[in-house]
Novice: 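Submitted below is the structure of interest, expressed as structure tokens.
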Amino acid sequence: MPRQSLLETLTEKNIISDAQAAQIKTSDSNQSFSIHWELRLLLYLGIMLLSTGLGFVIYENIDTIGHNILIGLVGLVCVGCFYYAFSHRKPFSWEELEETTNLDDFALLGGCLAFLTLEGYLQYQYSFFGTRYGLAAFLPAVLFFFCAYYFDHRGVLSMAITALASWIGISITPLRLLKNNDFNSQDMVITAILLGLFLITVGWVSIQKNLKKHFSFTYFVFGGNLTFIAALSGLFALEFKLIYGSIIAILAYLSIKYARIKHSYLFLLMGVIYGYIGFTYVIFEILPNNLDPFMYMLYFMLSGAGVVLFLIKIKEIVGLKK
């Protein structure tokens, strides 16, 4: 029911007086409208466009402006952003810090992106790190982890985790993870699982020790997805299927349990989707090859009905509805 109609109904039933209704209308008309999140989105977009613009400037003018001038330009942007961020930093705390209007978090993000641009340019043009590619990934990881904790910035923490994974030799971005990495290699699968479990453990410790416990969400998302994908790859293509299947089952259970505790749709979907994929693969591996095709159709029909029921009951499952 529209607010105007509701006020008229309340007035007609003498629940509120005409004066009270007029006061409510005046309050509504003078109420401020917050565009806080819209402005923050525009600022983040601006930072991304600035970083992209620097890349285009370098690409288009690499032979005309001169390498030293371009490096100096990117370096000035990087130093300027970090200087502003450090000048307006909030006092360090292991607790979550309140947002300020100083825009230091945007300057920090811009500085980190400019640092990556500068490092990539130096390596491409001058082979600054030579063949020590691991060092080129390790330095950003150390810098970004420091900045993430010092400035309490979850966006930079995501960049730090990605740099750490790159240093180990894994592309952690989900799309590139599936396209670029050879998960038919048992060494790669084991490395990915160990890294994912390590990230999950760091998130759990941060909660238990109350050390930036709000960072646990980022650690759980990265670590959970990486472990699930690596374990599924091992289940599909490698030996020791019982071990990989057990990892998927345990992690799916923990993800769903955590989702119910935190009322999180994301972790619920992670547990259900990855668990369903693993369970379906195991079922089809167990069933004989000469099984009637109708049985396969029946399985997908029943599981499809289960998905519909899951979507209907999702609020109750995560504990948002009694």
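In this text the structure is predicted, and so the values were computed from the model without any measurement.
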Novice: Could you tell me the separation between the CZ atom of R154 and the CD1 atom of I161, rounded to the nearest 0.5 Å?
Specialist: 12.0 Å
Novice: Side chain to side chain contact (heavy atoms under 4.5 Å, CB included) with Y253: which residues, sequence neighbours excluded?
Specialist: K257
Novice: Give me the atom names and distance for the closest heavy-atom approach of E96 to H214.
Specialist: CA-CE1, 3.3 Å
Novice: Distance check, rounded to the nearest 0.5 Å: I248 atom CD1 versus I229 atom CD1?
Specialist: 11.0 Å
Novice: Does Y121 belong to the same Ile/Leu/Val/Met/Phe/Trp/Tyr cluster as V79, with side-chain heavy atoms less than 4.5 Å apart forming each link?
Specialist: no
Novice: For H153 and D105, indicate whether the former's side chain and the latter's backbone hold a donor-acceptor pair under 3.5 Å.
Specialist: yes
Novice: Say whether I168 and L199 are linked into one hydrophobic cluster, either directly or through other cluster members, by side-chain heavy-atom distances under 4.5 angstrom.
Specialist: yes
Novice: Should K241 and Y281 count as side-chain neighbours, where that means a heavy-atom distance under 4.5 Å?
Specialist: yes
Novice: Let me confirm one number: the CZ-CG distance from F222 to L226, rounded to the nearest 0.5 Å.
Specialist: 10.0 Å
Novice: Are F146 and V202 linked, directly or through other ILVMFWY residues, by side chains that come within less than 4.5 angstrom of each other?
Specialist: yes
Novice: Is W167 close to L135 at the side-chain level, that is, under 4.5 Å between some pair of heavy atoms?
Specialist: no
Novice: Please name all residues satisfying ring-ring contact (aromatic ring centres under 6.0 Å, His included) with F144, sequence neighbours left out, ordered by chain then number.
Specialist: none
Novice: In terms of hydrophobic clustering (I, L, V, M, F, W, Y; side-chain heavy atoms under 4.5 Å; direct or indirect links), are V221 and Y258 co-clustered?
Specialist: yes
Novice: Minimum heavy-atom separation for A230 and I193, please, with both atom names.
Specialist: CB-CG1, 3.6 Å
Novice: Does Y219 reach the side chain of I200, with side-chain heavy atoms less than 4.5 Å apart?
Specialist: no
Novice: For F151, run the ring pair (Phe, Tyr, Trp, His ring centres under 6.0 Å) check against F86, Y84, F145, F92 and tell me which one passes.
Specialist: F86
Novice: Taking only residues at least two apart or on different chains, which pairs with a member in residues 190-214 satisfy salt bridge (charged side-chain N to carboxylate O under 4.0 Å, His left out)?
Specialist: D152-K212
Novice: Check the pair L211, Y149 against side chain to side chain contact (heavy atoms under 4.5 Å, CB included), reporting the backbone distance first and the verdict last.
Specialist: CA-CA 10 Å; L211 302 175; Y149 277 85; over 6 Å; no
Novice: Looking at side-chain heavy atoms only, is the closest gap between W94 and N210 below 4.5 Å?
Specialist: no
Novice: I190: which residues meet the side chain to side chain contact (heavy atoms under 4.5 Å, CB included) condition with it, sequence neighbours left out?
Specialist: Q186, L194, Y244
Novice: Answer yes or no: is there a donor N or O on one side and an acceptor on the other, between the side chain of S255 and the main chain of F267, under 3.5 Å?
Specialist: yes
Novice: Determine yes or no for a side-chain-to-main-chain donor-acceptor pair under 3.5 angstrom, with T227 supplying the side chain and G223 the backbone.
Specialist: yes
Novice: Main chain of L113, side chain of T117: is a donor-acceptor contact present, judged purely on distance under 3.5 Å?
Specialist: yes
Novice: Please assess F82 against C147 for the test side chain to side chain contact (heavy atoms under 4.5 Å, CB included), listing each intermediate value before the final yes or no.
Specialist: CA-CA 10 Å; F82 277 121; C147 290; 4.0 Å; yes
Novice: List the steps and the verdict of side chain to side chain contact (heavy atoms under 4.5 Å, CB included) for Q208 and V205.
Specialist: CA-CA 5 Å; Q208 298 300 314; V205 171; 5.6 Å; no
Novice: Do L116 and P140 have side chains that get closer than 4.5 Å, going by heavy atoms?
Specialist: yes
Novice: Nearest 0.5 Å, what's the CG-CG distance between L73 and L118?
Specialist: 10.5 Å
Novice: Considering non-hydrogen atoms only, spot the tightest contact between S216 and G203 and give its length.
Specialist: CB-O, 3.5 Å
Novice: Roughly how far, to the nearest 0.5 Å, is the CG atom of L139 from the CZ atom of F129?
Specialist: 5.0 Å
Novice: Taking all heavy atoms of M270 and all of F220, pick out the closest pair and write down the distance.
Specialist: CE-O, 4.4 Å
Novice: Rounded to the nearest 0.5 Å, how far apart are OG of S158 and CZ of F215?
Specialist: 9.5 Å
Novice: Could you check D104 against K90 for side chain to side chain contact (heavy atoms under 4.5 Å, CB included), going step by step and ending with a plain yes or no?
Specialist: CA-CA 9 Å; D104 53 305; K90 301 176 281 289; 3.1 Å; yes
Novice: If you take all heavy atoms of S246 and L242, which pair is closest and at what distance?
Specialist: OG-O, 2.7 Å
Novice: With heavy-atom distances below 4.5 Å as the criterion, would you say the side chains of L235 and I247 are in contact?
Specialist: no
Novice: Between M159 and C112, which heavy-atom pair has the shortest distance, and what is it?
Specialist: CE-CB, 3.8 Å
Novice: Flag the pair R260 / L268 as yes when at least one side-chain heavy-atom distance between them is below 4.5 Å, and no otherwise.
Specialist: no
Novice: May I ask whether I243 and F236 are part of the same hydrophobic cluster, defined by side-chain heavy atoms of I, L, V, M, F, W, Y residues being less than 4.5 angstrom apart, directly or through others?
Specialist: yes
Novice: Which pairs would a plain distance check flag for residues 303-310, meaning a side-chain donor or acceptor within less than 3.5 Å of a matching protein atom at least two apart in sequence or in another chain?
Specialist:
unit_1, atom_1, unit_2, atom_2, d
S303, OG, Y276, OH, 2.9
S303, OG, Y299, O, 3.0
S303, OG, F300, O, 3.0

Novice: Taking side chain to side chain contact (heavy atoms under 4.5 Å, CB included) as the test, write out the residues that go with F128, two or more places apart.
Specialist: L122, Q123
